[in-house]
Undergrad: 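What follows is a structure written as structure tokens; I'll ask about it next.
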There are 2 protein chains.
Amino acid sequence: MPTIKDVARAANCSTATVSRALASPEKVSDATRHRVAQAVAKVGYSLNAAARNLRRSESRTIVVILPNIANPFFSDVISGLESVAHQAGYQVLLGDAGNNPDRVASYFNLVPSNQADGIILLSTEVPMALVRERQADAGFPLVMACEYFDNLSLPTIHIDNEQAAHKATEYLVALGHQRIATITGPARNPICKDRLRGYRHGLADAGLNIQDDWIVEGDFTFHSGYEQGRILLQQDKKRPTAIFCQNDEMAIGVLKAARDAGVVVPEQLSVIGFDDIGFSQYCEPELTTVHQPREAIGRTAMRLLLDILKQRNVPLDQSLKTQLIVRSSTARAPRD
Amino acid sequence: MPTIKDVARAANCSTATVSRALASPEKVSDATRHRVAQAVAKVGYSLNAAARNLRRSESRTIVVILPNIANPFFSDVISGLESVAHQAGYQVLLGDAGNNPDRVASYFNLVPSNQADGIILLSTEVPMALVRERQADAGFPLVMACEYFDNLSLPTIHIDNEQAAHKATEYLVALGHQRIATITGPARNPICKDRLRGYRHGLADAGLNIQDDWIVEGDFTFHSGYEQGRILLQQDKKRPTAIFCQNDEMAIGVLKAARDAGVVVPEQLSVIGFDDIGFSQYCEPELTTVHQPREAIGRTAMRLLLDILKQRNVPLDQSLKTQLIVRSSTARAPRD
DNA sequence: CTGAAAGCGCTTACAG
DNA sequence: CTGAAAGCGCTTACAG
């Protein structure tokens with residue numbers, strides 16, 4: 001591999017000048033810049049980033065830790081993150097945590113080892129000790145998006161989960177539903193708690209009583225939605241007439257459980273999801289759901305992190321708007 | 001950040017010894033190794049990877065270029081890639097090409113700039129000139145998976161697309177279908193050509209004639225499947241009784257088009273997809289499709305690349321098995 | 001088993 | 001605008 005020395009020789013100048021011509025062209029005369037450009041092409045030079053990173057002690061790389069790359073929810077968030085990063089000359093290293101604490105630890109370690117400048121965390125399913133340790137360290141650039149820790153304050157971009165769930169529940173109530181169940185995500189997850197709180201308040205506002213066995217826990221997969229849906233629909237006389245699911249995949253699982261149980265959606269059962277993933281328009285029936293501005297979440301989170309890296313003063317907590325999208329999986333409550 | 005010097009001071013030895021204790025512990029006495037470990041903990045040292053990379057001129061990073069991170073097909077492939085990489089002490093940098101040639105160029109550039117040791121390419125939607133240039137350069141570690149270029153020989157892991165499509169078509173023929181349409185992916189894509197060839201042969205084998213306006217092109221999205229499906233189903237007397245789609249998302253789009261057109265699947269229309277993504281079990285009806293061993297493709301591709309990096313002799317072309325999964329979107333052809 | 005020393009390829013403060 | 005020189009933090013061949 002040709003180095004900056006080879007270029008300097010070919011351009012008949014010092015390595016310092018080559019470096020300047022490449023990194024800050026305005027510091028160099030037109031003629032020199034041109035000679036250097038020619039020399040670069042001639043010798044087939046490309047900058048050794050490891051050397052630059054070492055010298056500058058920065059890597060221009062941001063690590064994004066996500067719980068599971070298979071989750072379609074994240075793809076737009078990632079697009080948003082990447083578009084802002086690339087525009088600013090940063091790369092994005094996508095780290096799939098895959099429920100593996102070691103892996104997460106190794107991603108975190110990329111920052112002290114100078115392979116990454118900062119981290120965006122999209123999951124709370126990571127070893128708390130690790131995060132706590134880093135957060136104590138003020139110099140560790142760490143931003144959360146989509147999720148957050150309820151016992152730890154970190155800069156974060158999110159939606160108002162409670163309000164969104166509240167509105168979804170209200171909508172079901174407005175349709176005349178009185179027996180409304182919910183399938184939550186993992187119960188310890190703060191955003192799931194928020195969505196559950198929104199659900200409870202929605203019922204309470206309407207004077208409906210909350211039936212604890214209609215609050216069931218899933219894990220955000222199709223399969224868990226299917227299983228919990230099946231169970232909820234078994235009680236065939238006083239079964240729920242509506243189910244609010246904390247994400248779309250579980251809602252789509254419920255649609256299947258309903259089909260298998262011979263319960264017609266939306267005539268006999270209304271279903272609401274959360275996220276508005278692409279598939280929610282292609283399932284049968286199309287899913288009423290809470291739309292999240294996923295790209296914007298990604299963009300905003302990356303901007304926040306880059307601002308932190310530049311030591312800019314920035315709001316550390318931003319909430320973005322959601323929207324209830326009404327499609328065909330909800331309807332007026334059936335007569336008893 | 002503490003450096004190796006600080007550790008050396010705390011352990012009362014040279015930096016050379018610290019380096020050895022960390023990188024090749026067997027070269028160092030037990031006592032020293034222990035002292036170094038203590039010192040590392042005491043000063044809170046972590047190795048500066050940029051310095052190591054510069055010195056060793058390797059990065060232990062593999063770039064995976066994919067066309068679109070939102071495509072659920074890739075998530076298992078990525079899991080496979082990552083599991084092998086991490087086991088071997090490599091990191092994976094996921095690069096979303098996003099139909100942006102500049103971005104792809106910058107990912108390719110990671111190798112000469114010493115930020116990546118090799119590339120796995122999961123898409124042919126990249127500037128040919130770039131690939132051609134690199135491939136000419138024998139020292140450039142580049143492996144393809146899932147897709148391939150038909151005018152360029154690169155090490156590649158794939159399935160037998162033609163055979164898989166042939167079998168799927170045969171299956172429809174065996175169900176008595178005589179009017180079988182197909183929705184392809186982008187026509188210039190070699191794997192799409194292969195699948196199309198398999199379809200043609202399947203029809204030819206059965207003595208069915210091939211109707212050119214039943215070979216329509218989509219782009220692998222739900223939407224294109226929906227649109228093309230809608231058009232195919234419009235011709236209501238002699239419309240096709242079966243549609244073979246080159247991926248599941250388009251097949252799911254067709255299911256929706258059929259619902260909208262009042263065509264009942266599978267009684268009036270059989271639909272087959274390709275890939276066996278998770279959704280294919282949660283759409284209505286569940287999708288008959290060609291299963292690809294996605295994890296295995298990923299694992300095999302990463303092993304191949306790592307072997308190439310170690311200059312091992314390896315088979316440069318491996319084909320993995322597919323399987324037709326019969327679910328509920330296919331049935332015997334309706335009577336005319 | 002250990003240390004002194006060179007060097008990986010850059011960047012940048014300093015001097016002119 | 002340009003160059004000589006120091007130095008970023010490691011690793012490793014060499015010598016002992």
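The figures here come from the full heavy-atom set of this structure, side chains too, leaving out hydrogens, waters and symmetry mates. So that the names make sense, note that chain A is the first sequence line, chain B the second, and so on, each numbered from 1. The model shown is predicted, which means the values in this text are computed figures rather than measured ones.
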Undergrad: For residues Gln91(A) and Leu110(B), report the shortest heavy-atom separation together with the two atoms involved.
TA: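 Reported closest heavy-atom pair: NE2-CD1, 2.8 Å.
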Undergrad: Roughly, in whole Å, what's the span from CG in Leu47(A) to P in dC8(C)?
TA: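 Spelled out: CG on Leu47(A) to P on dC8(C) is 16 Å.
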Undergrad: Of all heavy-atom pairs between Leu304(B) and Thr156(B), which one has the smallest distance, and what is that distance?
TA: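 Here Leu304(B) and Thr156(B) meet closest at CD2-N, 4.3 Å.
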Undergrad: By nearest heavy atom, map Arg56(A) and Thr3(A) onto DNA chain C; which one lands nearer the 5' end?
TA: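 Nearest-nucleotide comparison on DNA chain C picks Thr3(A).
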Undergrad: To the nearest angstrom, how far is Arg55(B) atom CZ from dT11(D) atom C1'?
TA: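 It works out to 4 Å between those atoms.
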Undergrad: Are any protein N/O atoms closer than 3.5 Å to N/O atoms in nucleotides 1-4 of chain C? If there are, list each pair with its distance.
TA:
residue, atom, partner, partner atom, Å
dT2(C), OP1, Ser29(B), OG, 3.2
dT2(C), OP1, Thr32(B), OG1, 2.4
dT2(C), OP2, Ser29(B), N, 3.2
dT2(C), OP2, Thr32(B), OG1, 3.2
dG3(C), OP2, Ser14(B), N, 3.0
dG3(C), OP2, Ser14(B), OG, 3.1
dG3(C), OP2, Thr17(B), OG1, 2.5
dG3(C), N7, Arg20(B), NH1, 3.4
dG3(C), N7, Arg20(B), NH2, 3.3
dG3(C), O6, Arg20(B), NH2, 2.4

Undergrad: So which heavy atom on Arg294(B) is nearest to which on Phe73(B), and how close?
TA: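 Scanning both residues, the minimum pair turns out to be CD-O, 3.0 Å.
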Undergrad: Using whole Å, what does the distance between atom P of nucleotide dG9(D) and atom CD of Glu58(A) come to?
TA: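 Value for this atom pair: 14 Å.
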Undergrad: Between CG of Leu94(A) and CG of Asp96(B), what distance do you get to the nearest 0.5 Å?
TA: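 Reported to 0.5 Å precision, the distance equals 8.5 Å.
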Undergrad: From CZ of Arg60(A) over to P of dT11(C), roughly how many Å is that when rounded to an integer?
TA: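 Rounded to the whole Å, the gap is 12 Å.
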Undergrad: Closest to the Ser19(A) side chain: dG9(D), dT11(C), dT11(D)?
TA: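 Between dG9(D), dT11(C), dT11(D), the one nearest the side chain of Ser19(A) would be dT11(C).
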Undergrad: What integer distance in Å separates Leu54(A):CG from dT12(C):P?
TA: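 Rounded to whole Å, this separation is 12 Å.
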Undergrad: Taking dT12(C) as the reference, what is the distance to dG16(C) when you measure between their C1' atoms (whole Å, please)?
TA: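 Nearest-Å result for dG16(C) against dT12(C) at atom C1': 16 Å.
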Undergrad: Parallel, tilted or perpendicular, judged at 30° and 60°: which one describes the rings of Tyr107(B) and His86(A)?
TA: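 The rings of Tyr107(B) and His86(A) stand perpendicular, inter-plane angle above 60°.
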Undergrad: Given atom CG of Asn53(B) and atom C1' of dG9(D), what is their separation to the nearest angstrom?
TA: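 To the nearest whole Å, that distance equals 12 Å.
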Undergrad: Shortest non-hydrogen contact from Glu295(B) to Ser79(B)?
TA: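 Smallest interatomic distance, heavy atoms only, reads OE2-CB, 3.8 Å.
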Undergrad: Ile297(B) and Cys146(B): which non-hydrogen atoms are nearest, and at how many Å?
TA: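 Result for this residue pair: CG2-SG, 3.9 Å.
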Undergrad: Once you round it to whole Å, what is the distance between C1' of dC10(C) and CZ of Arg52(B)?
TA: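 Result: 20 Å.
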Undergrad: Counting only Watson-Crick pairs (N1-N3 plus N6-O4 or O6-N4) and G-U wobbles (N1-O2, O6-N3), all under 3.5 Å, who is the partner of dA13(C)?
TA: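 Check on dA13(C): unpaired, no WC or wobble geometry under 3.5 Å.
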Undergrad: Measure the distance from CG on Leu22(A) to C1' on dT11(C) and round it to the nearest whole Å.
TA: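 Nearest whole value for this atom pair: 12 Å.
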